[in-house]
There are 2 protein chains.
Amino acid sequence: MAETARHPEPRYGTRPTMKDVAARAGVGLKTVSRVVNSEPGVTPDTERRVQEAIDALGFRRNDSARVLRKGRTASIGLVLEDLADPFYGPLSRAVEEVARAHGALLINGSSAEDPERERELVLALCARRVDGLIVIPAGDDHRYLEPEIKAGVATVFVDRPAGRIDADMVLSDSFGGAREGVAHLVEHGHRRIGFIGDRPRIHTATERLRGYHAAMTDAGITVQDDWVSLGTTDPGRVKAAAEAMLSGPEPVTALFAGNNRVTVTAVRVLAECERRVALVGFDDIELADLLGITVVSQDAAAVGRTAAEHLFRRLDGAGHAPARVELPTRLVARGSGELPPA
Amino acid sequence: MAETARHPEPRYGTRPTMKDVAARAGVGLKTVSRVVNSEPGVTPDTERRVQEAIDALGFRRNDSARVLRKGRTASIGLVLEDLADPFYGPLSRAVEEVARAHGALLINGSSAEDPERERELVLALCARRVDGLIVIPAGDDHRYLEPEIKAGVATVFVDRPAGRIDADMVLSDSFGGAREGVAHLVEHGHRRIGFIGDRPRIHTATERLRGYHAAMTDAGITVQDDWVSLGTTDPGRVKAAAEAMLSGPEPVTALFAGNNRVTVTAVRVLAECERRVALVGFDDIELADLLGITVVSQDAAAVGRTAAEHLFRRLDGAGHAPARVELPTRLVARGSGELPPA
DNA sequence: TAGGCCCTGGACAACGTTGTCATGGCGGGA
DNA sequence: TCCCGCCATGACAACGTTGTCCAGGGCCTA
């Protein structure tokens with residue numbers, strides 16, 4: 001700090017400003033601003049002189065200052081669970097594409113499923129004054145966002161509903177999808193069907209479990225406690241859960257996997273199992289067609305696109321009441337879900 | 001402002017500033033700044049009053065103004081090809097993780113392999129005054145970045161070298177990896193080996209092709225023109241190319257796939273082929289272990305991490321000469337690459 | 001008790017841009 | 001020829017924050 005004061009000459013890292021351009025071009029500051037922003041009221045000759053000065057100095061407008069003056073940043077924030085998860089890549093890309101169409105940049109961050117980290121990220125984005133936020137909630141209490149939303153930050157929650165706050169949401173039909181997937185197994189003759197899902201704190205996890213229960217009830221099957229496993233999706237736990245369900249005197253004959261990570265591990269476990277066990281997974285997976293894995297597919301890109309379009313509609317205009325959109329899922333039969341009970 | 005005085009609650013779309021907080025807490029503006037930034041020199045009592053005002057008003061510091069004053073944005077930009085590509089997800093996440101450790105946010109954008117779009121994105125990021133840039137080049141001329149780098153924007157190029165400019169780079173050993181992969185096929189008795197890669201404009205594509213040629217030459221094999229196909233990686237073209245190589249009087253007995261997208265399509269084509277054709281792919285793929293696909297694997301997360309660490313080292317300090325880092329690849333044998341010639 | 005020091009707090013300028021408004025020159029219509 | 005009005009241009013304030021510097025009060029010391 002004192003260092004900086006004593007050495008006022010860190011030329012390296014200093015960028016030319018409009019003032020510098022103006023001086024070099026021999027015009028006023030505002031004229032440079034006009035040229036940079038393609039505003040009318042500049043003669044071609046003046047414009048040329050200014051443009052030359054810009055090129056010569058390598059001037060680039062400082063958007064921070066611009067934002068300060070104009071109030072909008074032309075950027076939106078996306079907070080998701082993990083960018084490395086193959087479900088979120090396409091979702092993020094879809095959001096980016098919509099943002100681009102609206103001239104906005106995308107800042108994104110991974111919450112790692114940690115509510116505190118989600119909060120930190122979201123607030124950091126608000127401090128940057130993003131115009132809008134798309135959040136895949138990790139926590140279940142988003143009241144901390146109330147002042148932000150009131151202040152005009154458009155916010156859309158995705159994949160899971162917001163906690164204790166009224167806001168736009170774009171969800172997939174987790175309940176219906178799981179119900180359909182489990183019913184599919186029932187149709188193929190299964191009655192002892194296992195469910196392996198994510199932690200119950202996660203909304204989609206409980207919705208899918210609810211769908212499982214509904215389908216079982218529809219079929220008149222009483223679910224046994226040891227057919228259901230909820231918890232982290234790390235391979236170790238999922239493997240243990242699957243193996244437990246597949247052993248014992250009355251093993252399950254089919255598995256329903258609650259998300260893509262669970263499905264992957266389940267496939268690995270089943271590959272080493274001599275019995276032929278049926279499997280339906282929630283979320284599609286690359287190469288699942290080649291492996292013949294039947295899935296309940298949700299279109300990640302469509303979810304992202306829908307959310308982003310919602311966001312910009314809200315940014316552009318009317319302050320209609322918060323809406324809740326639910327996108328359908330699609331059962332894709334590829335073999336693993338059509339195996340008969342062993 | 002007089003308005004604000006009459007309505008203690010902030011109006012929709014207007015955010016409270018430090019001035020508002022100061023007024024409400026009955027202190028000076030700078031005192032609020034001190035509290036917000038945890039600077040010393042504020043009595044506990046004053047701090048409490050300020051904090052109360054902050055909470056009551058829902059104040060959030062405006063980082064745009066802060067940036068304007070301080071010069072650093074604590075954000076870095078990542079320009080890659082396509083966030084939806086499973087190779088870039090983990091890379092991006094790794095970059096984010098390093099950025100987070102340095103208190104920086106990540107802005108990323110997809111160039112869609114379009115040089116002009118890459119340029120637009122990069123310059124937009126520079127206008128936002130990101131502290132640093134990580135770029136996976138789409139174009140082959142990056143002289144447009146010269147003024148930016150001179151002005152102090154730390155820049156690291158990843159996966160492919162920068163064009164006509166001297167800068168830091170983090171690459172994978174495409175040449176060596178491809179050479180090793182093709183040699184692996186040779187070792188298993190193949191002589192007629194096909195190569196399907198990306199457009200020659202892309203550096204990694206030509207490097208991998210070079211590795212292929214080197215391995216063939218090492219083995220004393222003369223490559224026939226129709227064994228090599230370079231072009232877009234869309235499934236249609238790759239499928240056609242693979243089918244062409246697999247038909248005719250002297251079909252290839254093995255394929256080397258130039259990247260993950262090509263590998264995926266190749267696997268699909270080979271699955272419908274009655275002959276058993278060997279396959280080695282560049283880049284690992286989820287579930288490749290279950291499908292028994294032999295690959296030359298590059299660690300996307302390691303690439304991202306290395307690049308980001310490089311970036312922050314440069315940001316933090318010494319202006320050493322631009323470095324070029326090359327990360328090794330690893331051959332993972334899983335079956336498809338060990339098939340004998342049919 | 002006086003002098004000096006430290007500690008808290010605030011006034012003010014500056015960061016780089018844009019919006020507002022004033023100015024001066026020039027052309028056209030009367 | 002004169003005046004009006006339009007157009008190009010620039011001076012200036014403001015956006016919200018932080019750095020600098022100064023003021024005033026309390027306390028310690030001589």
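Worth knowing before you read on, the calculation uses all heavy atoms, side chains too, and leaves out hydrogens, waters and symmetry mates.
Residue A/Lys70 is classed as a sugar-phosphate contact, given heavy-atom separations below 4.0 Å to backbone atoms only. Using a 4.0 Å heavy-atom criterion, one finds that B/Arg61 contacts the sugar-phosphate atoms exclusively. Across all strands shown, A/Asn37 has heavy atoms under 4.0 Å from sugar-phosphate atoms exclusively, and none from any base. Here B/Thr17 lies in heavy-atom contact (under 4.0 Å) with sugar-phosphate atoms only. In this structure, A/Val67 reaches neither bases nor backbone, as no heavy-atom distance under 4.0 Å exists between it and the strands shown. Using a 4.0 Å heavy-atom criterion, one finds that A/Val36 contacts no nucleic acid atom at all. B/Val42 comes within 4.0 angstrom of the backbone, heavy atoms only, and of no base. Among the protein residues, A/Ser64 comes within range of no part of the nucleic acid, since none of its heavy atoms lies under 4.0 Å from any strand.
The distance from atom CG of B/Asp45 to atom P of C/dC7 is 18 Å, rounded to the nearest whole Å. One can place CZ of B/Arg128 at 18 Å from P of C/dG16, the figure rounded to the nearest angstrom. Rounded to an integer number of Å, the gap from CG of B/Leu29 to C1' of D/dT17 is 8 Å. Between the P atom of D/dG16 and the CZ atom of A/Arg129 lies a distance of 9 Å, rounded to the nearest Å. For the pair B/Lys19 NZ and C/dA11 P, the interatomic distance rounds to 12 Å; values are reported in whole Å. Between the CD atom of B/Glu39 and the P atom of C/dC7 there is a distance of 16 Å, given to the nearest Å. At whole-Å resolution of the value, CG in B/Asp63 and P in D/dT17 are 9 Å apart.
Between C/dG19, C/dC15, D/dT18, one nucleotide has an atom nearer to the side chain of B/Ser33 than all others, and that is D/dT18. Taking every side-chain heavy atom of B/Met18 into account, D/dT17 is the closest of D/dT17, C/dT17, C/dC21. Here the side chain of A/Lys30 is nearest to one of C/dT8, C/dC15, D/dA11, namely D/dA11. Out of D/dA14, C/dA11, D/dT9, the shortest distance to the side chain of A/Arg69 is found at D/dA14. The side chain of B/Arg66 has D/dT17 as its nearest neighbour among D/dG10, D/dT17, C/dT8.
For B/Arg34 and C/dG10, a side-chain-to-base donor-acceptor distance below 3.5 Å is present, hydrogens and geometry of angles not being considered.
Ring pair A/Phe312/A/His102 is parallel by interplanar angle, where below 30° counts as parallel and above 60° as perpendicular.
Results of the side-chain contact (heavy atoms from CB on, under 4.5 Å) test with A/Ile134 over A/Asp168, A/Asp159, A/Leu80, A/Val158 single out A/Val158 as the only residue that passes.
Side-chain N/O atoms of B/Thr31 include one lying less than 4.0 angstrom from OP1 or OP2 on C/dG10. Checking the phosphate oxygens (OP1, OP2) of D/dT9, a side-chain nitrogen or oxygen of A/Thr46 falls inside 4.0 Å. Of the side-chain N and O atoms in A/Thr43, one or more sit less than 4.0 angstrom from OP1 or OP2 of D/dT9.
Using modelled atom types, no side-chain atom of B/Arg164 and backbone atom of B/Arg143 make a donor-acceptor pair closer than 3.5 Å.
For the pair B/Leu68 and B/Arg49, both in contact range of DNA chain C, the more 5′-proximal nearest nucleotide belongs to B/Arg49.
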Working for side chain to side chain donor-acceptor pair (under 3.5 Å), residues B/Thr73 and B/Asp131: CA-CA 6 Å; B/Thr73 55; B/Asp131 298 333; 3.3 Å; yes
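Atom-to-atom distance recorded for B/Arg61:CZ and B/Ile54:CD1 is 10.5 Å, nearest 0.5 angstrom. If you take CG on B/Leu125 and CG on A/Asp63, they are separated by 10.0 Å, rounding to the nearest 0.5 Å.
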